[in-house]
Amino acid sequence: MNGNGTVFIKGNHAIVEAALDAGCRFYAGYPITPQNEIPEYMSKRMPEEKGVFIQAESELISINMVFGAATTGARAMTTSSSPGMSLMQEGISYMAGAELPGVLVNVMRGGPGLGNISPSQSDYYQAVKPGHGDFHMITLAPSNLQEMYDYTFDAFDLADKYRNPVMILTDGLLGQMMESMDMKHDRKPLYPDAKKEWALTGAVGRKGQRIVSLLMDPGVLEAHNIKLGKKWKTMIENERKYELFNVNEETQYLIVAFGSMARISKGAMKLMKDLKIGLFRPITVWPYPYEELKKAAAGVKKVFVFEMNQGQMLDDVKIGLEGSKPVEFFGRAGGGVPMPEELCDFINKNK
Amino acid sequence: MKEKVLYKRPVALSEKPFSYCPGCTHSTIHKLIAEIVDELGIREKTIGVAPVGCAVFAYDFWNFDVTEAAHGRAPVVATAIKRIMPEKVVFSYQGDGDLASIGMAEIIHTANRGENLTVIFINNTNYGMTGGQMAPTTLAKQVTTTSPLGRDVKTSGYPIRMSELLLPLQGVKYIERVKATDAISIIRTKKAIKKAFMNQITHVGFSFIEVLSNCPTNWKKDPVESNKWVDETMAEFFQIGKIKDIQ
Ligand SMILES: Cc1ncc(C[n+]2csc(CCOP(=O)(O)OP(=O)(O)O)c2C)c(N)n1
Ligand code: SF4
């Protein structure tokens, strides 16, 4: 696709265009619904951009290919849906340990196990508390296709900025739907020419260098973890992102929801114009905007948490509120997607 | 009197002394690779991928760019590196637990895709690093720490001959099984590994060198006895020689 302007596009395709615009030149992925349009469309688009597309033989292989691609300094991505994301946890941890950038997209579906292929937010925990070892990963949760495109692009910049994997946490609803959005093909990636001096590009005129996550000498791993810890702290300080919708001094009830559920919540709010309801939508679910949430809830009577799971982000809301407000939770599980009316009913019964 | 240099440390070998057990052939094979890299003049464009296993520390001993890979994943890490930088010489170096057990899918598919890279497979019939447990290559009746009565093929299956397993895959161009137990076999091993690197440089394609290696520590044998066991017992089941060579 050429130029800028408004396009009518499918969510999974928007991710591909954003990645290519951000300079992603390596993609590996394995088929799984509801994200198949990503590898399919990528298999056509990536070669047009002179990048590498590989259909990996499993998600374990996809993520480890992304690890390899990242060692060269290339911008690289893999995508999957919930069961595939489970297989990727190993590689995500190795990338964080070895300080390798990379972008992952989880187009969530229902679980546990094979679950189903309906939209779900069942992997919130796995996204905000990934892999083994003491590490974190910035996780962005878009709630419309413009954001799918914009945040996928941002994810590559953030990954390079922090030398760490970054995840886009979305679901089958946003992946499969079509919507109009603005393409920004001439947006320039940050750090496009950043010299990745750590990258393995051949030891020309220098000694060999290495990329490792194994640090066996006494104290070295602890020092490495402490160094990483400073990075997590910087991310927490600088990268929290959220949206406030209809939140003002008069707001009496606050809905907290992310991704698709935030969209549905906005629909419910339209139907309940006589109630003073506001929405707090975390965009980064890690780092979670705890302080901003507490501030937004300061004047309200009650907080409603809505998720397409049985209460995972709920933990973070409670951490943020520090017991300052009563919290009511409504969730649909196993791929259930609520109608706005269901949320209205719940609010009316529990307000 | 003028000094004449007959032999010196390859530039591609770092100055760090090997930390492998005395007599372990990991050291020998590391040194051969460094010599070959020097001889081919490719130090500045070689990228190695180290396994999880005793040789995870390979990056300490080679003086060219090396990345670690998760256990068994070295061939796919190498694949991505080679695809992005086709002009580089990329190889993985893997033990038999790494390659033939946890990394079986990775090696089979990398070979089948016919990636233009080199795989050095160190077969020492056990998991050296974790203390000598049974590997897919452990011989029938061989005693290991997880087969204390000897490998029972009825419950643990038969040892896998990786080189023969890869033979029918059309993407694979060169397979040779070698050993490193004496001067002659070490020279042959060097020749095979060099050819595998040359195949990559001349775009022949995927090459796989299986080296019958020893593990004196876990075999509870001294280095001389270990090499004798390689020659007499291991090599009887894992036949030495060229298995495939398509130019
Ligand atoms: C996922 C995972 N499982 C298990 C291990 C533990 N582990 C480390 S090395 C190793 C075996 C290595 O054996 P081999 O590949 O035969 O190499 P050797 O040490 O004999 O050279 C195992 C199982 C690990 N590091 N990661
Ligand atoms: S444990 Fe075995 S394979 Fe590992 S270094 Fe010692 S002898 Fe070599």
Pairwise side-chain contact, A:N106 with A:I168, heavy-atom cut-off 4.5 Å (strictly under): no

Which of B:I108, B:I84, B:V89 touches chain A most, by non-hydrogen pairs under 4.5 Å: B:I84

Mind checking whether A:W232 and A:W286 have parallel, tilted or perpendicular rings, split at 30° and 60°? perpendicular

Looking only at heavy atoms, which two atoms of A:S80 and A:I32 are closest? And how far apart? OG-CG2, 3.5 Å

Under 3.5 Å, what donor-acceptor pairs does chain A form with chain B?
from, atom 1, to, atom 2, distance (Å)
A:E57, OE1, B:R113, NH1, 2.8
A:E57, OE2, B:R113, NH1, 2.5
A:E90, OE1, B:R73, NE, 2.8
A:E90, OE2, B:R73, NH2, 3.2
A:T201, N, B:D65, OD2, 3.3
A:T201, O, B:K88, NZ, 3.2
A:G202, N, B:D65, OD2, 3.0
A:A203, N, B:E44, O, 3.4
A:A203, O, B:R43, NH2, 3.2
A:G205, N, B:E44, OE2, 2.9
A:R206, O, B:R43, NH1, 3.3
A:R206, O, B:R43, NH2, 2.7
A:R206, NH1, B:D65, OD1, 2.6
A:R206, NH2, B:D65, OD2, 2.8
A:G208, N, B:N63, OD1, 2.7
A:Q209, N, B:D65, OD1, 2.9
A:Q209, O, B:V66, N, 3.0
A:R210, NH1, B:D60, OD1, 2.1
A:I211, N, B:V66, O, 3.1
A:I211, O, B:T67, OG1, 3.4
A:I211, O, B:E68, N, 2.9
A:S213, N, B:E68, OE1, 2.9
A:S213, N, B:E68, OE2, 3.0
A:S213, OG, B:E68, OE2, 2.6
A:L214, N, B:E68, OE1, 2.9

Among all residues two or more places apart in sequence or in another chain, which pass the side-chain hydrogen bond (donor to acceptor under 3.5 Å, both in side chains) test with A:T234? none

If I measure from the heavy atoms of chain B, does [X] come under 4.5 Å with its side chain, its backbone, both, or neither?
{"X": "A:V204", "value": "both"}
{"X": "A:A69", "value": "both"}
{"X": "A:L214", "value": "both"}

Quick check: does any side chain N or O of A:E17 sit under 3.5 Å from a backbone N or O of A:A14, one acting as donor and the other as acceptor? no

Using the test side-chain contact (heavy atoms from CB on, under 4.5 Å), find all partners of A:D154 that sit at least two apart in sequence or belong to another chain. A:Y151, A:R187, A:K241

Under 4.5 Å, heavy atom to heavy atom, which residues of residues 122-129 of chain A contact chain B? none

Check this for me: A:I117, atom CD1, are more than 12 non-hydrogen atoms of other residues, nucleotides or ligands nearer than 6.0 Å? no

